[in-house]
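Position 1 is the first residue of the sequence, and the numbers go up from there. Indexing begins at 1, ligand by ligand and atom by atom, following the structure's order.
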Amino acid sequence: MPPPTTELRFLEGRVALVTGASRGIGAAIAVQLARRGARVACVATTAERCAETVARCNALTDGAQAYGCDVASTTAAAAVVDQVVKEMGGLYVLVNNAGITRDQLLLRMSEEDFDRVVDVNLKGTWNFLKASARPLMKSSGRIVNVGSIVGLTGNAGQANYAAAKAGVVGLAQSLAKELAGRGVCVNTVAPGYIATDMTAAIDEKSAEALKTKIPLGRIGAAEDIALAVDFLVGPGGSYVTGQTIVVDGGLSLGG
Ligand code: NAP
């Protein structure tokens with residue numbers, strides 16, 4: 001058994017790739033991993049959109065780089081992973097965080113809205129898992145998917161998103177079994193209601209109503225999610241695989 005480590009920069013010399021790193025939860029995760037010493041490959045729809053996150057990462061650990069691709073494209077995802085491995089020298093952490101919502105009740109939901117949400121959230125995760133599996137097996141690395149409590153509980157108006165996020169959990173559980181023999185841990189973090197651009201469209205009245213349903217009494221911050229990822233990719237996560245860690249202030253407890 002490895003000895004417990006008190007090393008704060010436990011990702012020193014390691015490469016971490018974070019999708020959806022331009023803003024919100026992904027940006028907070030990228031910065032937290034850089035705080036741990038990782039050189040972070042920040043991926044968003046375009047490399048330019050990651051400029052600010054890269055600068056924040058580089059202020060903590062040199063070597064962060066920006067990459068752009070549509071995560072829903074299998075070929076583009078594979079090209080980015082290849083480039084990261086070549087340019088940055090391997091891969092130890094993969095965080096599948098990029099995601100979108102296109103909310104609508106089922107009767108009004110278009111096929112295009114269903115497909116796009118599944119393509120970005122679920123297929124996008126598969127694309128990066130598939131492209132990264134070999135380098136991660138080589139490094140006995142860590143994979144964290146960002147799901148949602150909606151993938152565990154369902155939500156009216158989010159059938160597309162809930163289905164995609166439930167799929168992300170199934171992917172993590174299956175790959176946890178497939179990759180365990182190579183020492184790779186695969187987990188999901190399921191956020192509740194977190195203040196980012198994604199939730200900014202919720203009107204103030206609905207936001208206040210939602211807040212009253214959160215036992216811990218506050219809306220989550222992107223950093224709350226980043227610290228759960230930090231645990232999973234750090235020494236504390238070395239015997240955790242196939243799990244879903246809910247980070248929602250108790251929202252999903254209901255009641
Ligand atoms: P956000 O602020 O809207 O940021 C979304 C990120 O994903 C951006 O970096 C965006 O890049 C990237 N992205 C979207 N589509 C992409 C695509 N096709 N290809 C590449 N990158 C793409 O969202 P967030 O709230 O931080 O959410 C991050 C993750 O947490 C998502 O998976 C979301 O489903 C999940 N989540 C969020 C909440 C919440 O309350 N906020 C709750 C549960 C789960 P660009 O800047 O280039 O568009």
Side-chain angles (χ1 to χ4, degrees), residues 17-32 40-54 56-57 66-81 94-103 113 115-128 131 144-155 158 160-169 171-172 188-202 206-207 210-211 213-214 218-226 228-229 244-249 251-252:
L17 187 161
V18 181
T19 68
S22 55
R23 51 202 166 96
I25 292 169
I29 293 170
V31 168
Q32 182 60 25
V40 186
C42 299
V43 181
T45 52
T46 65
E48 293 70 32
R49 291 186 66 78
C50 287
E52 193 187 323
T53 309
V54 165
R56 290 174 66 200
C57 289
Y67 297 88
C69 82
D70 177 0
V71 296
S73 161
T74 307
T75 48
V80 163
V81 172
L94 169 66
V95 181
N96 285 304
N97 164 80
I100 57 164
T101 51
R102 285 196 185 173
D103 299 351
D113 283 349
D115 286 348
R116 185 62 186 158
V117 167
V118 170
D119 282 350
V120 172
N121 292 278
L122 180 57
K123 180 86 179 285
T125 299
W126 182 83
N127 284 336
F128 272 83
V144 181
N145 293 340
V146 178
S148 167
I149 54 166
V150 164
L152 308 174
T153 63
N155 196 25
Q158 291 195 306
N160 50 358
Y161 182 72
K165 292 303 195 184
V168 158
V169 171
L171 272 180
T188 304
V189 171
Y193 177 20
I194 310 299
T196 66
D197 292 350
M198 186 175 269
T199 47
I202 298 175
S206 312
L210 199 52
K211 203 166 128 187
K213 293 187 179 151
I214 303 174
R218 69 173 174 89
I219 289 162
E223 288 71 21
D224 290 312
I225 308 307
V229 174
T244 301
I245 305 212
V246 174
V247 184
D248 69 346
L251 175 61
S252 59

Applying a strict 4.0 Å limit to heavy atoms, is [X] in contact with ligand 1?
X	answer
Gly192	yes
Ala27	no
Cys69	yes
Glu48	no
Thr19	no

Judged on heavy-atom distance to [atom], which of [options] sits nearest?
atom	options	result
atom 32 (O) of ligand 1	Val146, Asn97, Thr125, Val18	Asn97
atom 14 (C) of ligand 1	Gly99, Gly20, Ala30	Gly99
atom 1 (P) of ligand 1	Arg23, Arg116, Lys165	Arg23

Considering heavy atoms of the protein only, find what lies nearest to [atom] and give residue, atom and distance to 0.1 Å.
atom	answer
atom 18 (N) of ligand 1	Asp70 OD1, 2.8 Å
atom 33 (C) of ligand 1	Tyr161 OH, 3.4 Å
atom 45 (P) of ligand 1	Arg49 NE, 3.2 Å
atom 8 (C) of ligand 1	Ser22 OG, 3.4 Å
atom 24 (P) of ligand 1	Thr196 OG1, 3.6 Å
atom 47 (O) of ligand 1	Thr45 OG1, 2.3 Å
atom 15 (N) of ligand 1	Ile100 CG2, 3.6 Å

| said: For Asp119, give me all partners under salt bridge (charged side-chain N to carboxylate O under 4.0 Å, His left out), at least two apart in sequence or on another chain. | reply: none

| Side chain, backbone, both or neither: which part of Lys123 comes within less than 4.0 Å of ligand 1 when only heavy atoms are counted? | neither

| message | I'd like to check the side chain to side chain donor-acceptor pair (under 3.5 Å) partners of Thr74; sequence neighbours left out, ordered by chain and number. | response |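 Side chain to side chain donor-acceptor pair (under 3.5 Å) check on Thr74 returns Asn127.
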
